[in-house]
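Input: a single structure, listed below in structure tokens.
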2 protein chains.
Amino acid sequence: MAAPAPEASEAGTLHEQIVNKLRAVLLNGELADGARIPEAQLCLRFGISRTPLREALKVLAAEGFIELRPNRGSIVAPIDPVEVGHLFEMKGTLEQMIGRLAAVRATAEDAARIERAHAALASPPEPAAYTALNQEFHRALALATHNPVLLQSYDNLQKRVLRLRFVVNENPQRVLESFGEHEGIMVAFRARARLDLAERLEEHNRLTGEAVRRTLKGESA
Amino acid sequence: MAAPAPEASEAGTLHEQIVNKLRAVLLNGELADGARIPEAQLCLRFGISRTPLREALKVLAAEGFIELRPNRGSIVAPIDPVEVGHLFEMKGTLEQMIGRLAAVRATAEDAARIERAHAALASPPEPAAYTALNQEFHRALALATHNPVLLQSYDNLQKRVLRLRFVVNENPQRVLESFGEHEGIMVAFRARARLDLAERLEEHNRLTGEAVRRTLKGESA
DNA sequence: CGGGTCATTTTTGAATGCAAAATGTCGTCC
DNA sequence: GGACGACATTTTGCATTCAAAAATGACCCG
């Protein structure tokens with residue numbers, strides 16, 4: 001229903017809103033990796049004082065987006081290539097779980113949402129939108145598991161990985177491949193073939209992870 | 001102060017210490033489910049003001065231990081039997097992952113730690129200690145994956161499940177069974193049989209989850 | 001005697017203020 | 001000319017304070 005949200009903003013508690021806005025700032029790449037978090041500036045921008053902002057900082061630190069250095073300010077958590085491997089490894093496991101559960105538990109409504117998300121990816125209006133639509137698709141599958149614990153963990157991982165999207169998006173070759181894999185995923189989903197679906201999702205994740213690592217390596221080289 | 005807990009107290013940032021102490025209070029069951037969090041009291045007890053305490057509250061809310069009700073205070077997140085199922089489902093997936101990875105990646109040091117933890121369980125000094133030793137054992141396996149992302153997620157789940165320990169501990173029958181399953185787990189681990197280890201861990205988790213659900217149902221009935 | 005309204009108290013959420021720590025600047029000395 | 005150290009500035013972390021919202025209770029009226 002609602003928004004693929006260009007910016008998560010109006011939902012839930014005020015505290016949650018701040019957390020979301022702050023996370024959006026980080027995900028948008030407005031702040032370079034390792035950059036100091038400009039508390040004062042963000043307070044101005046959000047029209048709040050330091051107290052609620054710092055509460056949000058602590059939460060985002062716990063989520064892994066920010067690094068808290070005692071008495072020396074917070075910085076944007078730098079992207080560590082080793083950790084990227086760990087993130088994808090974890091995500092692969094969750095994808096498998098999602099595949100097995102979604103195949104069994106998806107309601108008609110879930111299926112419709114998944115189909116819709118998949119269809120939207122067939123003709124992405126622009127490359128920049130691809131990432132958001134892609135996330136929408138995978139999230140629709142995660143929703144179909146009807147396991148909120150899994151969903152939350154998966155969401156968090158997705159967002160952490162999202163920080164790397166700029167290195168993925170720019171590869172049209174990989175985008176094409178990715179859509180092909182989605183087609184396969186949909187075949188398995190429509191057949192409600194749980195093991196096949198799980199395997200395809202895991203493989204898809206693995207390939208994406210490899211593409212990311214390749215690009216990261218290429219950049220740093 | 002009757003805090004025998006040799007655990008989470010003096011480590012890391014002051015902020016982290018507060019989070020840990022507060023989480024310990026919740027895990028110790030000092031506050032009933034759904035009970036209001038007595039901010040003022042905890043401030044006194046920890047010798048801090050409300051600002052850092054509230055930062056910790058937000059973090060614990062994000063971790064799922066506390067429920068934040070706008071303008072109406074925070075409460076201890078009530079245990080929802082349905083969510084317990086979701087927690088164990090998720091934990092089962094992670095256990096599988098742990099099994100597959102630990103079998104392959106465990107160093108000699110990891111193996112030693114795992115053996116030690118297992119041996120400690122053979123003759124638990126008292127039933128009350130069983131839970132802690134049990135967690136130690138499973139955590140040792142998680143450590144052997146050398147994936148910090150997985151470890152953090154697993155730790156969080158363990159702690160959330162830990163809130164239910166009182167319903168598990170009191171079943172000596174289940175404790176015996178559990179140790180038997182651990183024996184099998186060790187056989188698979190020593191042989192570095194990744195698929196076998198994964199399956200045994202998952203099965204062990206499933207059985208534990210069922211025992212918890214049974215007890216929960218018995219209580220509410 | 002019960003139900004409802006309004007004032008009082010308590011609690012919550014956020015802004016401000018303050019002490020300590022870190023950072024940056026500049027002068028001095030080698 | 002460069003390195004070191006004292007001083008000023010900024011930033012951080014926390015306590016305190018303040019306004020608004022909810023809980024409590026007193027009172028009135030039917």
Side-chain angles (χ1 to χ4, degrees), chain A residues 7-26 29-78, chain B residues 1 3 8-26 30-78:
Chain A
E7 272 222 353
S9 43
E10 52 245 61
T13 333
L14 182 53
H15 165 68
E16 279 170 45
Q17 287 180 38
I18 297 174
V19 171
N20 286 334
K21 280 198 276 189
L22 190 45
R23 185 165 31 216
V25 169
L26 297 174
E30 294 182 37
L31 273 45
D33 284 13
R36 278 262 281 273
I37 310 272
E39 275 190 20
Q41 216 166 302
L42 291 169
C43 286
L44 259 305
R45 173 164 165 184
F46 297 156
I48 57 175
S49 77
R50 280 177 58 223
T51 307
L53 184 84
R54 298 185 96 254
E55 285 170 357
L57 285 177
K58 309 281 188 198
V59 171
L60 288 175
E63 285 179 9
F65 292 100
I66 284 179
E67 214 167 284
L68 248 45
R69 301 170 314 168
N71 285 327
R72 308 191 53 239
S74 325
I75 59 174
V76 180
Chain B
M1 297 253 288
S9 47
E10 52 243 64
T13 333
L14 182 54
H15 165 68
E16 279 170 47
Q17 287 179 39
I18 297 173
V19 171
N20 286 333
K21 281 198 277 190
L22 190 45
R23 185 165 31 216
V25 168
L26 297 173
E30 295 182 36
L31 272 46
D33 284 11
R36 279 262 281 274
I37 310 270
E39 275 190 22
Q41 217 166 302
L42 291 169
C43 287
L44 260 306
R45 172 164 167 185
F46 296 156
I48 57 175
S49 77
R50 280 178 59 222
T51 308
L53 185 84
R54 297 184 95 252
E55 285 171 357
L57 284 177
K58 309 282 188 197
V59 170
L60 289 174
E63 284 179 8
F65 293 98
I66 283 179
E67 212 167 284
L68 248 47
R69 302 172 311 169
N71 286 327
R72 310 196 49 237
S74 325
I75 59 173
V76 180

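Just so we're on the same page: letters track the sequence lines, and every chain starts at 1.
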* Asked: Is any side-chain N or O of A/R50 under 3.5 Å from a base N or O of D/dG13, one able to act as donor and the other as acceptor?
  -> yes

Once you round it to whole Å, what is the distance between [atom2] of [N] and [atom1] of [X]?
| X | N | atom1 | atom2 | answer |
| --- | --- | --- | --- | --- |
| B/L42 | C/dT11 | CG | P | 14 Å |
| A/I75 | D/dT12 | CD1 | C1' | 15 Å |
| B/R69 | C/dG13 | CZ | C1' | 15 Å |
| B/I66 | C/dT12 | CD1 | P | 12 Å |
| A/L53 | C/dG13 | CG | P | 17 Å |
| B/L14 | C/dA21 | CG | C1' | 14 Å |
| A/R36 | D/dT10 | CZ | P | 14 Å |
| A/E39 | C/dA14 | CD | C1' | 15 Å |

Assert: residue with more 5' nearest nucleotide on DNA chain D, out of B/N71 and A/T51, is A/T51

- Do the side-chain N or O atoms of A/R54 get closer than 4.0 angstrom to the phosphate oxygens (OP1, OP2) of C/dA14? no

| query | So does B/R72 get a side-chain nitrogen or oxygen closer than 4.0 Å to the phosphate oxygens (OP1/OP2) of D/dA23? | reply | yes

CD1 (A/I66) and NZ (A/K58) are apart, to the nearest 0.5 Å, by 10.0 Å

Under a 4.5 Å cut-off applied to non-hydrogen side-chain atoms, are [X] and [Y] in contact?
| X | Y | answer |
| --- | --- | --- |
| B/H15 | B/V59 | yes |
| A/T13 | B/L68 | no |
| A/I18 | A/E55 | no |

The residue, A/P70 or A/E55, whose nearest nucleotide of DNA chain C is more 5′ is A/E55

